[in-house]
Structures are given as structure tokens and as C-alpha cells.
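In what follows, a structure is listed as C-alpha cells, so that the remarks can point back to it.
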Amino acid sequence: MTPQERRLWVRQMGARRDWWALRREAAIDPEIEIVDAHFHLWDERDFPDPAEPGAMLRTSRYLLDEFLSDVTAGHNLAQAVYVECGSGYRPDGPEHLRSVGETEWAARMAVQSAGRDGTETIAAIVAHADLRHPALDTVLDEHEKAGGGRLRGIRQSAARLEDPSARLLAGAAPPGLYADPAFRRGLARVAERGLVFDAFLFHFQLPELAALARAVPSAMIVINHLGAPVGYGGGPAERDPVFTGWCALIGMLAEHPNLVVKLGGLASIVTQYDAHTRPLPPSSREFVDERGAYFRHAIRCFGPERCMFESNFPVDSVAISYGNLWNAYKIIAAEHDAAAGQALLAGTARRVYACSPAAAAGARRQPGRTAPDGRSGGRV
């Protein structure tokens, strides 16, 4: 990916509404509750390009208004899980505590997401911490306090692409992070505190995740983005060597009972999916035809009770709209019985992230403008 392409597509994340409108679908089964297991919010800002030292990439604003506007494509979003992305960090103070600012910021977003009855659409927060840090317990204490009862997990990415030009928002993690003894001790502490761990790495790194699951069996580990398979050949997945290799790795991971998987992330351009370059966005059926084999294999291996759908918005929004994406998920869910479909669309996420279904009743919220003062962002 060229520097110009990186700048263009990062800027387009969450900002392609005219393109999405070219193929807008009515929601399938709009009354069915969904829980979005993975989304981000960020303000318009510059951040370092992980592929080019000294260069900057600029995002478009994607705050609560934009997210809820996308959700109003007719789907019944009951709850959503906010996952760390570098927003709202404290501008000063101890380095190891600066990420607590994002949890404070996300908690404010959760309050603003409340419907008329006071229930919050943002039902859980997954924060960032460096699990290797000697003061980890202090960091986790601060995140717990900042989350106001919403903290459910920690994420520290190990995603690494050796070719810098292939990186976009991720890919520059230190090599061997999940094998670091200090990291594994930190993960055990996360588990002892009743928090889950969100793991992000690419498919060719998945053996590292299997080793981590064996080393810390007490930890509930959530595999992000189906293990992030990189490589899209444009033809049937069954004839794609990336898919074949990924299938074997997913089968290996499914043998570890402390692993669950998020079904999503496959519209990200880092995976080399090319829909973002097309004149029309993909329909839900086209997306299922092109990417569905990955979802189906993961569900076969893990079972619906260990799988949950995620939007990964606004990252995946470059290549598909929110409405069409969730229609695709409902097409896949409908291939299973009602209980399994409910687990995929809502139940597994609620169980893993301890989101009470009772708290979500009547929680659908119409978008309004986010407050223009500091409550809407801080330093992101």
C-alpha cells in the first residue's frame, strides 16, 4: 500500500455515506436484537503512520453521532462493546497510565449513549494496558475506576507485519509479545481480576496465540477479527491457499476451551479485500459469497456458543455499510437454528462481556449531536 493510499483510506473510514447509499438494503429481520461485539470511536486527528516513521495519517470524525447514525439502518442494536483504539489518551502524566484517559472518555460516550429510559447502548469497555508493566495492578485499578463499572476486558495487540508498507492502523507490535514471560504473568493477573483479554494478531501468528492459551489456561481470550487472515484472491475461498492454511490454524485454536472468536474484520483493507475500490459497495449476499466461508468454518470449529459477530466499525466501513454488513451476518446466522442464531448475533457477546440483556430492553436510541465541549473527545 502506498503512502497516498494509506492517507486516503484512513481518511475514508466512517466517511463513505454517499458510497454506501448506492446500495442500501432494508434490514433483514429488523426486530431481532444484535450486540455489536467490537467497534471504535475517534475524533478527527493526526496519528503516526506505522508504516512510515515521521509521517502522519489523519482520521475523519467518527464519534457517537456517526456510529448511531450508521446503526439506524434498521437493525435493532441493543448493546455494543467499545474496544480501545488510542482515543482520549491523557496528554501527560505517567506513561503507563495515559491509556486510562481512553477509558474515561469511553465511559463518557457510554453515558451519552443512554436512551430515554437511561439504558446505555455502550454496555462494555475493553481498554488498553501493557501487561508487561511492573505496576500493572495499579493500571488496572485506574481503568476499573475510570470505567464506572463498564470495564470488561483488556486488549494489547501483537499484530505484526514485517513489511512496513503493508501496515495501516496496526502491524508494528513488538515481535514475540505473547511469548514474553512478563506479558504472560500480566495476563494471569488480568484473568484473576475477572477480565477477559482481547487478542489481535494476524493469521500467520496464530500459533503464538495457541501457545499463549496453553500457558495461561485461566484466561478467557477473545480472538479478534477471525484471526485476521491476510490475503484475498477474489475467487472461491476453498481454492485460496490463505484460506486453507487459516482453516487448519482455526481448528487448532478451537481445541483450547479458553478461546472464543469474534466473527468480523474481513472487510478491512489490511486483509486485502478489495471491495473499497469498486464503484458500488457489496450487497450482503455478495459479501457472504465472497467472505462467508471464513465465518462458516469458524462457527463449525468453535460452535455458536463461542462465536460473536462484530462490525469493527469504522475500520471495515471503507468496504461495506453497517446495514449491509449486519444483513450478511443475519444470512449466516439463519443457517443455524434459532438458539444458535441468537448466540451468534447477541448471546455470546453478552455472556463473554457480561452485558445484562435486561439492561438493554428498550435501549434503541435515535442519534443526536454529541456535545461540542470536552465531553466529546479530550485528546484522541
Consider only side-chain N and O atoms of [X] and [Y], and report whether a donor and an acceptor are under 3.5 Å apart.
X: Arg7; Y: Thr2; answer: no
X: Asp130; Y: Gln156; answer: yes
X: Tyr62; Y: Asp70; answer: yes
X: Glu25; Y: Asn327; answer: yes
X: Asn324; Y: Arg24; answer: no
X: Tyr82; Y: Glu102; answer: yes
X: Tyr322; Y: Asp36; answer: yes

Taking atom [atom1] of [X] and atom [atom2] of [Y], what is their separation to the nearest 0.5 Å?
X: His40; Y: Ser311; atom1: NE2; atom2: OG; value: 8.0 Å
X: Cys355; Y: Arg152; atom1: SG; atom2: CZ; value: 6.0 Å
X: His203; Y: Leu249; atom1: NE2; atom2: CG; value: 7.0 Å
X: Ser283; Y: Glu290; atom1: OG; atom2: CD; value: 8.0 Å
X: Leu212; Y: Leu201; atom1: CG; atom2: CG; value: 9.5 Å

Subject >> Sidechain N-carboxylate O distance under 4.0 Å for Asp274, Arg278 >> reply: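 A salt bridge links Asp274 with Arg278.
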
**OP:** Walk me through it: do His297 and Trp246 pass the test side-chain contact (heavy atoms from CB on, under 4.5 Å)?
**Re:** CA-CA 10 Å; His297 181 74; Trp246 171 88; 3.7 Å; yes

Taking the six-membered ring for Trp, are [X] and [Y] parallel (under 30°), tilted (30 to 60°) or perpendicular (over 60°)?
X: His38; Y: His225; answer: perpendicular
X: Phe313; Y: Trp20; answer: tilted
X: Tyr178; Y: Phe197; answer: perpendicular

Subject >> Leu131/Arg189 under side-chain contact (heavy atoms from CB on, under 4.5 Å): CA gap, chis, key distance, verdict >> reply: CA-CA 9 Å; Leu131 302 194; Arg189 286 295 299 134; over 6 Å; no

Original post:
According to a 4.5 Å side-chain heavy-atom criterion applied to Ile, Leu, Val, Met, Phe, Trp and Tyr, with indirect links allowed, do Leu263 and Tyr273 form part of one hydrophobic cluster?
Top reply: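 In one cluster: yes.
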
**OP:** Could you give me the CA-CA distance, side-chain angles and deciding distance for His256 and Ile221, then say whether side-chain contact (heavy atoms from CB on, under 4.5 Å) is met?
**Re:** CA-CA 10 Å; His256 299 279; Ile221 300 174; over 6 Å; no

**OP:** Output, in order, the C-alpha distance, side-chain angles, deciding distance and verdict of side-chain contact (heavy atoms from CB on, under 4.5 Å) for Glu104 and Arg90.
**Re:** CA-CA 10 Å; Glu104 296 167 332; Arg90 293 173 178 173; 2.7 Å; yes

Original post:
Does any non-hydrogen side-chain atom of Phe295 lie less than 4.5 Å from one of Leu266?
Top reply: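 Answer yes - side chains close enough.
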
Original post:
Checking Arg160 side chain against Ser157 main chain: does a donor-acceptor pair fall under 3.5 Å?
Top reply: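 No, the answer is negative, given that no donor and acceptor are paired below the 3.5 Å cut-off.
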
